[in-house]
Amino acid sequence: MITVAPSILSADFLHLEKDVQMVNAAGDIFHLDVMDGTFVPNISFGFPVVEAIARKAQRPMDVHLMIVHPEKYVDRFAAAGAAMISFHLEAALADGSDPGAILDQIRSHGVNAGLVVNPDIPVEGLFPYLEKTDFVLIMSVFAGFGGQKFIEATYDRIRTVRAEIVRRGLPCRIEVDGGVSASNAAALAEAGATILVAGSSVFKAPDPAAEIARIRYPLSF
Ligand code: DX5
Ligand code: ZN
């Protein structure tokens, strides 16, 4: 089953409540991109926006941290109401941090822990941490901006991770983020992704709720 996580980065920030209510009605998860201008060359939003969304959200919040030293901010995003928090493997390793310890920190709040890799990071790097990981997030664009073109090599990367998860009998789910639309949703699901993040394809659609349905049930349209 496909779960659709609209990415609020592409929402209308002047009318955010309208888009939050649309996700409440038609989406499954709020995907919230937090960027620091250091790990990625862009700055998005932080606690005030996440806390405001939390007051209206009737779906789980999935906080995707594109920041250095994610361990400094995990506790506050958990307190803000996140149900899922993910951070980049390559960010933690560059910081000299232990990714396993950060995954434990996230889980200590009763929050689902996710580990992310950019397209240039071998997915095998995720394998030592899969027992501590509730979901892996395979980036299908380079983290930092919405509206980029989907990278086709993502399918094989998802298959590789799925094979390892199945081989070890783990409950870890696979999320994919970047350039996702109704046109590639079926192939992504077939490869093994079950959480599909979609920003511009949803929020730039004339009918965002209908677009979410097309992503969730790609073979029905
Ligand atoms: C990119 C973000 C994505 C982004 C996806 O760094 O992690 O969540 O919002 O946007 P689209 O779906 O437009 O590629
Ligand atoms: Zn994201």
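From a predicted model like this one, the values you see are computed outputs, not experimental measurements.
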Quiz prompt | Reported CD1-to-NZ distance for the pair I102 and K72, which is rounded to 0.5 angstrom | solution = 11.5 Å

Quiz prompt | Atom CZ of F39: over 12 foreign heavy atoms under 6.0 Å | solution = yes

Quiz prompt | V4 backbone acceptor or donor facing D28 side chain under 3.5 Å | solution = yes

Quiz item: Is there a donor-acceptor contact under 3.5 Å linking the side chains of D33 and S7?
Solution: yes

Self-check item: Test item: Y129 and D98 side chains (from C-beta on) under 4.5 Å apart, heavy atoms
Solution: yes

Quiz item: What about V116 and V34, same hydrophobic cluster or not, with Ile/Leu/Val/Met/Phe/Trp/Tyr joined at side-chain heavy-atom distances under 4.5 Å?
Solution: no

Practice problem: Take T194 and T3 through the test side-chain contact (heavy atoms from CB on, under 4.5 Å) and record every step on the way to the result. | Solution: CA-CA 6 Å; T194 58; T3 302; 5.6 Å; no

Exercise. Show the numbers, then the answer: is there a side-chain contact (heavy atoms from CB on, under 4.5 Å) between M61 and F77?
Key: CA-CA 10 Å; M61 297 194 304; F77 282 111; over 6 Å; no

Self-check item: Sole candidate of T154, L188, V197 that passes side-chain contact (heavy atoms from CB on, under 4.5 Å) when paired with V180
Solution: L188

Practice problem: Say whether M35 and V68 are linked into one hydrophobic cluster, either directly or through other cluster members, by side-chain heavy-atom distances under 4.5 angstrom. | Solution: yes

Self-check item: Point-to-point distance, once rounded to the nearest 0.5 Å, from OG1 of T160 to OH of Y155
Solution: 14.5 Å

Quiz item: Given the rule that I, L, V, M, F, W and Y join up when any side-chain heavy atoms are under 4.5 Å apart, are L130 and I106 in one cluster?
Solution: yes

Quiz prompt | Test item: Y73 and I85 side chains (from C-beta on) under 4.5 Å apart, heavy atoms | solution = no

Self-check item: Side-chain donor or acceptor of D134 paired with backbone N/O of M84 under 3.5 Å
Solution: no

Quiz item: Would you say R59's side chain and G27's backbone share a donor-acceptor pair under 3.5 angstrom?
Solution: yes

Practice problem: Please test V74 against H109 for side-chain contact (heavy atoms from CB on, under 4.5 Å), starting from the C-alpha separation and ending with a verdict. | Solution: CA-CA 9 Å; V74 159; H109 294 282; 4.2 Å; yes

Quiz item: For M139, does its backbone N or O pair with a side-chain atom of N118 as donor and acceptor, under 3.5 Å?
Solution: no

Quiz prompt | Gap between atom CD1 of I8 and atom CZ of F13 - 0.5 Å precision | solution = 7.0 Å

Quiz prompt | Nearest-0.5 Å distance that lies between atom CD1 in I158 and atom CD in E190 | solution = 10.0 Å

Practice problem: Could you tell me which non-hydrogen atom of G179 sits nearest to which non-hydrogen atom of V141, and how far apart they are? | Solution: N-CG1, 4.0 Å

Quiz prompt | R168/E164 ion pair, N-O < 4.0 Å | solution = yes

Quiz item: Can you tell me if S140 uses its side chain to pair, donor with acceptor, with the backbone of G178 under 3.5 Å?
Solution: yes

Quiz item: Within a strict 4.5 Å, meaning less than it, do heavy atoms of the V117 and E90 side chains meet?
Solution: yes

Quiz item: Has the side chain of Q148 got a donor or acceptor atom that lies under 3.5 Å from a matching backbone atom of F142?
Solution: yes

Quiz item: What orientation do H64 and H88 show, parallel under 30°, tilted 30 to 60°, or perpendicular over 60°?
Solution: parallel

Practice problem: Please answer: with hydrophobic residues joined when any side-chain heavy atoms are less than 4.5 Å apart, are F145 and I43 in the same cluster? | Solution: no

Quiz item: Judged by atom type as modelled, is there a donor-acceptor pair below 3.5 Å linking the side chain of N42 to the main-chain atoms of G144?
Solution: yes

Quiz prompt | Interatomic spacing from CD1 in I138 to CD1 in I121 - rounded to 0.5 Å | solution = 11.5 Å

Quiz prompt | Donor-acceptor under 3.5 Å (Q105 side chain, E71 main chain) | solution = yes

Quiz item: How long is the gap from CD1 on I195 to CZ on F135, to the nearest 0.5 Å?
Solution: 6.5 Å

Quiz item: If you measure from the Lys or Arg side-chain nitrogens to the Asp or Glu carboxylate oxygens, is any gap between R159 and D156 under 4.0 Å?
Solution: yes

Quiz item: If we only count heavy atoms from C-beta on, is the N24 to F30 side-chain gap below 4.5 Å?
Solution: yes

Quiz item: Do L137 and H31 come close enough that some side-chain heavy atom pair is under 4.5 Å?
Solution: yes

Quiz item: Where the side chain of R216 meets the backbone of A26, is there a donor-acceptor pair that is under 3.5 Å apart?
Solution: yes

Quiz item: With distance as the sole criterion, is a donor-acceptor pair present between the side chains of E17 and H15 under 3.5 Å?
Solution: no

Exercise. Check the hydrophobic clustering (I, L, V, M, F, W, Y; side-chain heavy atoms under 4.5 Å; chains of links allowed) and say if I53 and L65 are grouped together.
Key: yes

Quiz item: Between N112 and R173, is any pair of side-chain heavy atoms under 4.5 Å apart?
Solution: no

Exercise. Keeping the roles fixed (side chain from T133, backbone from G114), state whether a donor-acceptor pair exists under 3.5 Å.
Key: no

Practice problem: Determine whether I67 and F87 make a side-chain contact, defined as any pair of heavy atoms from C-beta on separated by less than 4.5 Å. | Solution: no

